[in-house]
Structure formats: C-alpha cells, structure tokens
Peer 1: 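Input: one structure, supplied below.
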Amino acid sequence: MSVLEKVRPAASKPATAREPRVTDEHGRRIRVWELVLRYLLLLAVLALTVGPFVWQLSTSLKGPTEDIFSSPPKFLPSEPTVHNYERVAETIPVWDYALNSLKVATANVVTNCVGAALAGYALARLRYRGRRAATLAFILAMLVPVEGIIIAQFTTMRELGLNNTLIGVVLPGCIGAMNVLLMRNAFLNLPYEIEEAAYVDGANVWQRFLRIAVPSVKGTLAVVAIFAFMGAWDDFLWPLIVLSDPSRFTLTIGLNYLHGTFANDERLVAAGTIIAVAPLIALFACLQRYFFRGVGEGAVKG
C-alpha cells in the first residue's frame, strides 16, 4: 500500500465536532457542578441584596385595600398606585428635605474629589520629608470610629458658629481618609516616565497634575464621587446632632417622621424609602462604567 493510500482514509474521516467548554478567565475548564454552584450562590446573593428593595417597591405601590402581610407574600401589587408617594409629600416637605440632602451631597462630592485628588497626588508623587508619616496618619484615621470623635466635632462646630447649618453638616466629611488613599494608589499606578517627559518639556507640578495625572484616574474619581455622595446622602447621626431647625433637615432625618408618626402605615414608610434610594440608583447607573474601571486602577500598587 502506498503512502497516498494510507493517508487518504485518514483524511476522509469526518472531523468530530468538539463539545462546547466553559472556561474561567485563566482558560481552565469549569465542571458542570461548579457552574451550577456558582449560579446558585449568585442567585442567593441577589435575593439577599435586591430582595428587600423589591419588597419595599412593591409595598409602596400597593393600595390601602391590599394585604401587605399575606402568606405567601405577593410581590406584584394587584392594583398599582402612586398615591402613597403623594401622601408622603403631603405629610412632610419631602422635596425640601431632598434639596437639602442634595446640597450636602453635592458639596461633599466636590470637596472629596478635589481634596482627595490633591492629597493623593502629594502622597504618591511629591518628594518631601514626612510623606510616609502622613500616609500612616490617613491609615490610622480610618481606624477611628465616628462615634468616638462626634462630641469633639460637635464642640468644634459650636465654637465656629456652624451649628444648625448645612455647612456644619458638610465640613467634618469634606475629605475622607479612604478617598485619599484610593487616589494615592491610583496615582502610584501611573508610569513615572510620562511625568518625567512633561517635566523635561517644562511642565510644572500643577500642569502635570491637571493635564496628565487627573485625566488618567477618572475611574477612581468616579469611585470617590459615588462613595462621597452615598456617605452624605445616607448619613443620619451627624445631621441629627448638628441640625435643630426643621427647615434645614436632610432627607434621612425628615423621613424619620414617617416612622414615628405613621409607624403602622408601612406603605407610607416604603414610599419614603424608595424616594430616598432613587437618587443613589440614578447616580450609580450614570457612573457605573467609570466605577468598575476605577476599582482596578489602584489595585496593583499600594
């Protein structure tokens, strides 16, 4: 038998189709039971995180004739209505409270983004005596609980004459230690060669900071903005202590009236909760693409 006759039958055999394989990010094959276990864990986490929000949304849309404590519970209202949201606005000046919260949160975002970027760049790029000690001070500041310094903060605001003002609400949290460390790690990931080239071309520190460093860490700035907005919007204890005039109350304090006066009306409380959570969802939806990119910007060096 010639070589051609030996090769021809082998070549004429139809190639068997490969079975589809599921692999991870490293190219390793994932078994079926591992894949099923992962999806079950994801569904469990989704139920724990999203479930309460879905229940509150469903409760806020239910009318007065629907039983919200039925067994088994019904997530979908039979006759959806927005009357509960109208009642919230009639019970408390919710939009005035929301405006106060928006002012505080916006100021907190601006001060944290600007201050954390400046401090993080100084810790990461500038050479000066005591830089390591300054970094350690920011790390130690994260270990101090807010409840341990809240009396000192209140005394300071009183001495400055900022009690019962929105500035007094903003000032203690205008620059967060964690945000500074996030920006420091993000700036550390930037190649030194880029700034050295700009320095050779005659760029000073401010030009290198504004034109090279800041545009390269937009993702981390988005992370800082989201954290700052959430912290200011959700804060309850400090505004409750420093504010005494109801016209200056933030949304979290104003919604507390719904729990105290209308504790039995769960529909009203649920509607107020959705009003408070909606801006956070909208902010994250707008910045999510920068958020997930920014989480990894400072994860290489520390």
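Here the structure is a predicted model, which is why all the values come from computation and not from measurement.
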Peer 1: So Leu243 and Val169, do their side chains get closer than 4.5 Å, heavy atoms only?
Peer 2: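 Result yes, sub-4.5 Å side-chain heavy-atom pair found.
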Peer 1: Nearest 0.5 Å, what's the CZ-NE2 distance between Arg267 and His83?
Peer 2: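 Going from the CZ atom of Arg267 to the NE2 atom of His83 covers 11.0 Å.
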Peer 1: Under 3.5 Å, is there a donor-acceptor pair between the side chain of Asn100 and the main chain of Phe249?
Peer 2: yes
Peer 1: Holding to ring pair (Phe, Tyr, Trp, His ring centres under 6.0 Å), I want the full list of residues that pass it with Phe209, two or more places apart in sequence or in another chain.
Peer 2: Tyr121
Peer 1: Could you tell me whether Arg125 sits above the aromatic face of Tyr192, with NZ or CZ closer than 6.0 angstrom to the six-membered ring centre and within 45 degrees of the axis?
Peer 2: yes
Peer 1: For a 4.5 angstrom cut-off between non-hydrogen side-chain atoms, does Leu61 reach Asn84?
Peer 2: no
Peer 1: Is it the case that over 12 heavy atoms from other parts of the model lie below 6.0 angstrom from the CG atom of Leu76?
Peer 2: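 No - once you tally the heavy atoms of other residues, nucleotides and ligands closer than 6.0 Å, there are 12 at most.
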Peer 1: Are the side chains of Ile274 and Gln56 in contact, using a 4.5 Å heavy-atom criterion?
Peer 2: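 Gln56 reaches Ile274 side chain to side chain.
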Peer 1: Answer yes or no: does atom CG of Leu46 have more than 12 heavy-atom neighbours from other residues, nucleotides or ligands under 6.0 Å?
Peer 2: yes
Peer 1: When rounded to the nearest 0.5 angstrom, what is the spacing between CD1 in Ile139 and CZ in Arg184?
Peer 2: 7.0 Å
Peer 1: Please answer: with hydrophobic residues joined when any side-chain heavy atoms are less than 4.5 Å apart, are Val82 and Phe53 in the same cluster?
Peer 2: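 Hydrophobic grouping puts Val82 with Phe53.
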Peer 1: Between Ser101 (side chain) and Leu251 (backbone), is there a donor-acceptor pair under 3.5 Å?
Peer 2: yes
Peer 1: How many angstroms lie between atom CG of Leu123 and atom CG of Asn185, to the nearest 0.5 angstrom?
Peer 2: 10.0 Å
Peer 1: How close do Val94 and Ala89 get, heavy atom to heavy atom, and via which atoms?
Peer 2: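 In terms of heavy atoms, the two residues are closest at CG1-CA, 3.8 Å.
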Peer 1: Between Asn112 and Phe229, is the side-chain contact (heavy atoms from CB on, under 4.5 Å) condition met? List the steps.
Peer 2: CA-CA 10 Å; Asn112 268 279; Phe229 191 92; over 6 Å; no
Peer 1: Which distance, rounded to the nearest 0.5 Å, do you find between the CG of Leu136 and the CZ of Arg132?
Peer 2: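 It is 11.0 Å, given to the nearest 0.5 Å.
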Peer 1: How far apart are the closest heavy atoms of Pro77 and Ser58, and which atoms are they?
Peer 2: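 Closest approach of Pro77 to Ser58: CD-OG, 3.8 Å.
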Peer 1: Strictly by salt bridge (Lys or Arg N to Asp or Glu O under 4.0 Å), give each pair with a member in residues 143-167 just once, sequence neighbours left out.
Peer 2: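 Counting only pairs at least two positions apart or across chains, no salt bridge (Lys or Arg N to Asp or Glu O under 4.0 Å) contact touches residues 143-167.
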Peer 1: Does the side chain of Val109 come within less than 4.5 Å of Ile226's, by heavy atoms?
Peer 2: no
Peer 1: Partners of Glu66 by salt bridge (Lys or Arg N to Asp or Glu O under 4.0 Å), sequence neighbours excluded?
Peer 2: none
Peer 1: Just by distance, do the side chain of Arg208 and the backbone of Ala213 share a donor-acceptor pair under 3.5 Å?
Peer 2: no
Peer 1: If you count heavy atoms of other groups shown closer than 6.0 angstrom to CZ of Arg211, is the number above 12?
Peer 2: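 Result for CZ/Arg211: open.
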Peer 1: With a sphere of 6.0 Å drawn around OH of Tyr128, does it hold more than 12 non-hydrogen atoms of other residues, nucleotides or ligands?
Peer 2: yes
Peer 1: As a quick check of understanding, evaluate side-chain contact (heavy atoms from CB on, under 4.5 Å) for Leu162 and Leu171, giving each step before the final call.
Peer 2: CA-CA 9 Å; Leu162 297 177; Leu171 197 58; 3.9 Å; yes
Peer 1: Would you mind reporting whether Ser60 and Leu57 have side-chain heavy atoms less than 4.5 Å apart?
Peer 2: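 They are in side-chain contact.
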Peer 1: Return the set of residues passing ring pair (Phe, Tyr, Trp, His ring centres under 6.0 Å) with Trp95 (not counting sequence neighbours), or none when no residue passes.
Peer 2: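 So Trp95 forms no ring pair (Phe, Tyr, Trp, His ring centres under 6.0 Å) with any residue.
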Peer 1: Do the side chains of Leu237 and Ile150 get nearer than 4.5 Å, heavy atoms only?
Peer 2: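 SC-SC contact between Ile150 and Leu237 confirmed.
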Peer 1: Do you see a donor-acceptor pair shorter than 3.5 Å between the side chains of Thr250 and Tyr97?
Peer 2: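 Not at all, the side chains of Thr250 and Tyr97 share no donor-acceptor pair under 3.5 Å.
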Peer 1: Between Phe236 and Ile151, is there a shared hydrophobic cluster once you connect ILVMFWY residues whose side-chain heavy atoms come closer than 4.5 Å?
Peer 2: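 Hydrophobic grouping puts Phe236 with Ile151.
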Peer 1: Apply side-chain contact (heavy atoms from CB on, under 4.5 Å) to residues Leu280 and Phe284 and explain how you reach the verdict.
Peer 2: CA-CA 6 Å; Leu280 300 179; Phe284 185 79; over 6 Å; no
Peer 1: Does the side chain of Trp33 reach to within under 4.5 Å of the side chain of Arg38, using non-hydrogen atoms?
Peer 2: no
Peer 1: Quick one: closest heavy-atom pair of Gly272 and Leu255, and the distance?
Peer 2: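 The pair with the smallest heavy-atom distance is O-CD1, 3.3 Å.
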Peer 1: Treat each ILVMFWY residue as a node, draw an edge where side-chain heavy atoms are under 4.5 Å apart, and state whether Ile175 and Leu140 are in one component.
Peer 2: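 Result: no, two separate clusters.
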Peer 1: Flag yes if more than 12 heavy atoms outside Ile167 fall under 6.0 Å of its CD1 atom; otherwise flag no.
Peer 2: no
Peer 1: Who passes salt bridge (Lys or Arg N to Asp or Glu O under 4.0 Å) against Glu86, sequence neighbours left out?
Peer 2: none
Peer 1: Do Val277 and Ile281 have side chains that get closer than 4.5 Å, going by heavy atoms?
Peer 2: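 Sidechains of Ile281 and Val277: in contact.
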Peer 1: Looking at CD of Glu266 and OG1 of Thr273, how far apart are the two atoms once the value is rounded to the nearest 0.5 Å?
Peer 2: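 Answer rounded to 0.5 Å: 9.5 Å.
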Peer 1: Side-chain heavy atoms nearer than 4.5 Å, only ILVMFWY residues, links allowed to pass through others: does that put Val146 and Trp233 together?
Peer 2: no
Peer 1: Is it the case that the side chain of Trp238 and the backbone of Pro172 share a donor-acceptor pair, with hydrogens and angles ignored and the cut-off at 3.5 Å?
Peer 2: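 No, because the side chain of Trp238 does not come within donor-acceptor range (under 3.5 Å) of the backbone of Pro172.
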Peer 1: Going through the checks in order, is the side-chain contact (heavy atoms from CB on, under 4.5 Å) test met by Val88 and Leu268?
Peer 2: CA-CA 6 Å; Val88 171; Leu268 204 61; 3.6 Å; yes
Peer 1: Would one find more than 12 heavy atoms of other residues, nucleotides or ligands at under 6.0 Å from atom CZ of Arg127?
Peer 2: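 Yes.
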Peer 1: Got a second to check how far Asn256's CG is from Thr252's OG1, nearest 0.5 Å?
Peer 2: 8.5 Å
Peer 1: Quick one: do Leu126 and Phe187 end up in the same hydrophobic cluster if we chain Ile, Leu, Val, Met, Phe, Trp and Tyr together by side-chain heavy atoms under 4.5 Å apart?
Peer 2: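 Linked, Leu126 and Phe187 end up in one cluster.
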Peer 1: Quick check: closest heavy atoms across Ala276 and Pro279, and the distance to 0.1 Å?
Peer 2: O-CD, 3.5 Å
Peer 1: Sequence neighbours left out, what pairs pass salt bridge (Lys or Arg N to Asp or Glu O under 4.0 Å) with at least one residue falling in residues 226-249?
Peer 2: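 Salt bridge (Lys or Arg N to Asp or Glu O under 4.0 Å) check on residues 226-249 returns Asp245-Arg248.
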Peer 1: Does OH belonging to Tyr199 count more than 12 external heavy atoms closer than 6.0 Å?
Peer 2: no
Peer 1: Between Thr111 (side chain only) and Asn108 (backbone N and O only), is there a donor and an acceptor less than 3.5 Å apart?
Peer 2: yes
